[in-house]
Amino acid sequence: MERPGFTASLVAGGVAGVAVDLILFPLDTIKTRLQSPQGFNKAGGFRGIYAGVPSAAIGSFPNAAAFFITYEYVKWFLHTDSSSYLMPVKHMLAASAGEVIPFSLVQFPMWESLKALWSWRQDHVVDCWQSAVCGAFAGGFAAAVTTPLDVAKTRIMLAKAGSSTASGNVLSALHGVWRTQGLSGLFAGVFPRTAAISLGGFIFLGAYEQTRSLLLELGRASP
């Protein structure tokens, strides 16, 4: 990939990050309150679900831009033939370099694999809206399977200072949830989380592909 491709990825990633935060921030607030140990209503219910949206959107631009330029650079650096069985490994490495969380390690290889499968089935590269659909499926699946980790993160963040949960031990937090609430506790908020991240994957990855495509077209059209 040439340098203009990296510039397009940088800008497109930032635009995608802002777009998804502006639309989905309230749903994430609701999901966090559903996972709170004090219960949804005591955690705030539906009150103030838009509080903090502007600052989140402003902060998401550089974060998303940094993620995508890292992701695209690592993919370019580890270039392999598209038919290679190492492709999923390359996408996992690229995602982990951009953002080291289990969610990305599931979402991005699946996104790329779904795009490759759809491209193969229709005998041409997927359009931006098709990439967005693949992003929705990949994001929803990743959201569902990583919900227990998200619950543990929420419990650690909300734990009282000095408690065993507040120490940041994820396994300890998971065990505590399992002991007190069982499987339903580990997957608390799974439906709004899956719905929000499916929609987020559609918006985030669709906006990224669309913006990047437009910027590359503008770059090719410029003298």
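Sorted by first then second residue, the ring pair (Phe, Tyr, Trp, His ring centres under 6.0 Å) pairs that include residues 12-43, not counting sequence neighbours, are Phe40-Phe46. Annotation: ring pair (Phe, Tyr, Trp, His ring centres under 6.0 Å) contacts involving residues 110-134, sequence neighbours excluded, comprise Phe108-Trp111, Trp118-Trp129. For residues 115-130, the set of pairs meeting the salt bridge (charged side-chain N to carboxylate O under 4.0 Å, His left out) definition, not counting sequence neighbours, comprises Glu112-Lys115, Lys115-Glu209. Within the structure, salt bridge (charged side-chain N to carboxylate O under 4.0 Å, His left out) pairs that include any residue of residues 50-63 do not occur (at least two apart or interchain).
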Please tabulate, one pair per line, all N/O donor-acceptor pairs under 3.5 Å involving side-chain atoms of residues 135-149, not counting sequence neighbours.
from, atom 1, to, atom 2, distance (Å)
Thr146, OG1, Ala142, O, 2.6
Thr146, OG1, Arg193, NH2, 2.7
Thr147, OG1, Ala143, O, 2.7
Thr147, OG1, Ala144, O, 3.3
Thr147, OG1, Arg193, NE, 3.4

Donor-acceptor list for residues 184-192 side chains, cut-off 3.5 Å, not counting sequence neighbours:
from, atom 1, to, atom 2, distance (Å)
Ser184, OG, Gln181, O, 3.1

Scan the side chains in residues 51-58 for donor-acceptor partners under 3.5 Å anywhere in the protein, sequence neighbours excluded, and list what turns up.
from, atom 1, to, atom 2, distance (Å)
Ser55, OG, Gly52, O, 3.0

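Looking at residues two or more places apart in sequence or on another chain, you find a side-chain hydrogen bond (donor to acceptor under 3.5 Å, both in side chains) between Ser60 and Asp21. Partners of Ala12 by side-chain contact (heavy atoms from CB on, under 4.5 Å), not counting sequence neighbours, listed by chain and number: Tyr208, Thr211, Arg212. Applying the side-chain hydrogen bond (donor to acceptor under 3.5 Å, both in side chains) criterion to Arg47, with sequence neighbours excluded, gives no partner residue. Every side-chain contact (heavy atoms from CB on, under 4.5 Å) that Ala43 has, sequence neighbours left out, goes to Arg33, Ser36, Gln38. With sequence neighbours left out, Pro62 forms a side-chain contact (heavy atoms from CB on, under 4.5 Å) with no residue at all.
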